[in-house]
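Taking it in order: structure first as structure tokens, then the write-up.
Computed from a predicted structure; not experimentally measured.
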There are 2 protein chains.
Amino acid sequence: MKAIRQKEAADSISCAACSLVNLCLGKGLDQAELDKLDQIIDKKTQYDNEEYLFHSGETMTAVYAVRSGMVKTLITTEGGAEQITGFHLPGELVGLDGFGDDRHLCNAVALGTTTVCELKVESFDWVCEHIQGIRAQLMRMIGEELNHEQGMLLALGQMKADERLATLLLSLSERYKKRGFSALEFNLPMPRHDLANYLGLAPETLSRIFSKMHEEGILDVSGRDLRILDMPRMRKLAHCSQC
Amino acid sequence: MKAIRQKEAADSISCAACSLVNLCLGKGLDQAELDKLDQIIDKKTQYDNEEYLFHSGETMTAVYAVRSGMVKTLITTEGGAEQITGFHLPGELVGLDGFGDDRHLCNAVALGTTTVCELKVESFDWVCEHIQGIRAQLMRMIGEELNHEQGMLLALGQMKADERLATLLLSLSERYKKRGFSALEFNLPMPRHDLANYLGLAPETLSRIFSKMHEEGILDVSGRDLRILDMPRMRKLAHCSQC
DNA sequence: GCGCGCTCTTGACCTACATCAAGCTTTTTT
DNA sequence: AAAAAAGCTTGATGTAGGTCAAGAGCGCGC
């Protein structure tokens with residue numbers, strides 16, 4: 001089957017050798033701790049574009065760390081409405097929502113070809129008990145996730161459409177930069193539709209704002225390729241001097 | 001000083017004897033574990049209405065479990081905009097956002113006279129390492145918090161004003177019920193202004209929706225006292241058959 | 001190479017909600 | 001108890017952004 005073939009483990013790279021180690025669960029670990037983590041992690045399962053890592057309602061089996069590509073998480077209502085709740089970059093965790101009652105509330109979907117490392121729930125508690133460094137880093141990552149979602153609540157609750165987009169672009173810019181990519185020039189792996197949904201806007205509105213930012217010389221847009229031309233103005237729009 | 005007087009510890013009740021134990025960190029613990037938790041928790045610090053538990057930017061010193069009353073958390077922008085990110089009922093945790101970088105991102109403010117139990121950060125890691133039951137319950141509570149925030153993203157991103165209010169009222173109803181209070185009749189400890197802010201609406205809009213729900217026989221409203229008259233319709237509004 | 005189906009953009013119009021403004025009710029202060 | 005200040009509701013009006021509709025660009029299979 002297609003799905004099964006795709007999920008064959010790719011060649012393993014140890015956490016110690018992984019370029020993302022300082023953004024991921026392995027941050028701050030000594031060699032012995034990293035070795036233990038390596039033994040427990042299932043590395044680099046690959047997913048195609050739009051392929052699901054897990055669905056809402058499924059029993060949680062693992063926590064996922066994005067290795068390459070991107071993962072979006074989304075929730076739905078009975079009415080068929082859908083809200084994208086996050087875009088997850090390499091080094092970020094996906095699936096923590098399942099801890100609430102052992103079932104995932106959200107769906108996780110690959111955006112473009114994506115590889116992830118899995119930490120099985122069976123191992124999770126053992127790791128938390130025995131590896132202090134991972135426990136600490138996990139709490140840090142959970143805190144960041146909570147902070148990020150609160151920032152989105154602020155965006156959706158209080159900001160205008162252009163401010164919301166600026167907030168998202170700055171967040172992506174910053175996160176790409178941390179990963180060694182350009183903070184000013186990057187590619188969006190998701191369609192406008194997804195961006196608009198994430199920002200609580202209609203795709204048409206989002207498109208108009210892209211155009212407006214382009215006219216005003218804040219942003220170069222060519223399809224999904226972006227270049228931020230005027231960072232100060234972008235920051236001003238997002239009401240965020242530090243980010 | 002006033003603030004200091006208020007923060008004198010009230011009479012201690014053990015976690016084992018606390019009526020909230022099955023909603024709080026102590027859920028599922030055996031007697032020995034509960035005893036340890038008791039030794040570590042600082043019990044029942046009291047706050048007045050509008051008094052801050054902590055401010056944004058302050059170093060995290062503890063995680064707080066609401067014991068009585070209510071706590072709202074909110075974040076602000078440079079521009080002075082403010083978004084309430086949560087209303088926290090007895091048994092719920094406040095302050096997890098501080099794990100991101102040891103500083104709180106949000107502010108936590110008492111709504112009405114409120115008492116909280118504190119678990120100091122210095123003790124936190126020890127507890128997580130040595131008391132499996134607390135570690136498990138903590139992860140459960142974190143998962144619930146993440147789920148709840150994702151639900152709010154859905155509300156703010158996709159729902160109409162009346163649907164957002166219905167969602168909030170059902171959430172409160174359910175949570176009061178879990179605490180042994182009526183699911184249909186309860187009192188809101190916060191002003192309309194706060195509710196509106198939380199829902200991303202103007203206070204005037206919120207007021208109009210309360211009036212409309214009243215006219216339609218869905219809700220009895222008298223100031224901050226509410227009674228849900230037509231639960232099925234309320235659920236329908238919230239697009240949420242289970243909640 | 002050509003047609004088909006996406007994705008994205010732009011325009012015209014409309015509506016849900018914000019804003020502004022006034023009065024009313026409840027609480028707090030003196 | 002009176003006065004002042006909050007909090008809440010209701011009405012009138014304005015607007016940001018949604019919806020509907022029509023292309024335009026672009027990749028893809030045949």
What residues, two or more places apart in sequence or in another chain, satisfy side chain to side chain contact (heavy atoms under 4.5 Å, CB included) together with A:Arg208? A:Glu204
Which whole-number value in Å describes the distance from A:Asp162 CG to D:dG18 P? 12 Å
Does the Lys NZ or Arg CZ of A:Arg175 fall within the cation-pi geometry relative to A:Phe186 - under 6.0 Å from the ring centre and within 45° of the axis? no
Would A:Arg164 count as a cation-pi partner of A:Tyr198, with NZ or CZ less than 6.0 Å from the six-membered ring centre and within 45° of the ring normal? no
Is there a side-chain contact between [X] and [Y] (heavy atoms, below 4.5 Å)?
{"X": "A:Leu25", "Y": "A:Leu119", "answer": "yes"}
{"X": "A:Cys106", "Y": "A:Leu74", "answer": "no"}
{"X": "A:Leu169", "Y": "A:Leu226", "answer": "yes"}

Run the ring-ring contact (aromatic ring centres under 6.0 Å, His included) test against A:His55 and tell me which residues pass, sequence neighbours left out. A:Tyr52
Would you give a per-nucleotide map of nucleotides 7-16 of chain D, 5' to 3', where B means the base has a protein non-hydrogen atom under 4.0 Å away, S means only the sugar-phosphate does, and - means neither? SSBBBB----
Quick check on A:Tyr176: does its OH atom have over 12 non-hydrogen neighbours (other residues, nucleotides or ligands) under 6.0 Å away? yes
End axis versus end axis in the helix from C:dG1-D:dC30 to C:dT30-D:dA1, the angle rounded to 10°, five pairs used at each terminus: 50°
Nucleotide interval of DNA chain C bounded by contacts with chain A (heavy-atom cut-off, under 4.0 Å): C:dT7 to C:dA12
Across all chains, not counting sequence neighbours, the salt bridge (Lys or Arg N to Asp or Glu O under 4.0 Å) partners of A:Lys212 are A:Asp162
Does A:Gly57 offer a backbone N or O that forms a donor-acceptor pair with the side chain of A:Arg103 under 3.5 Å? yes
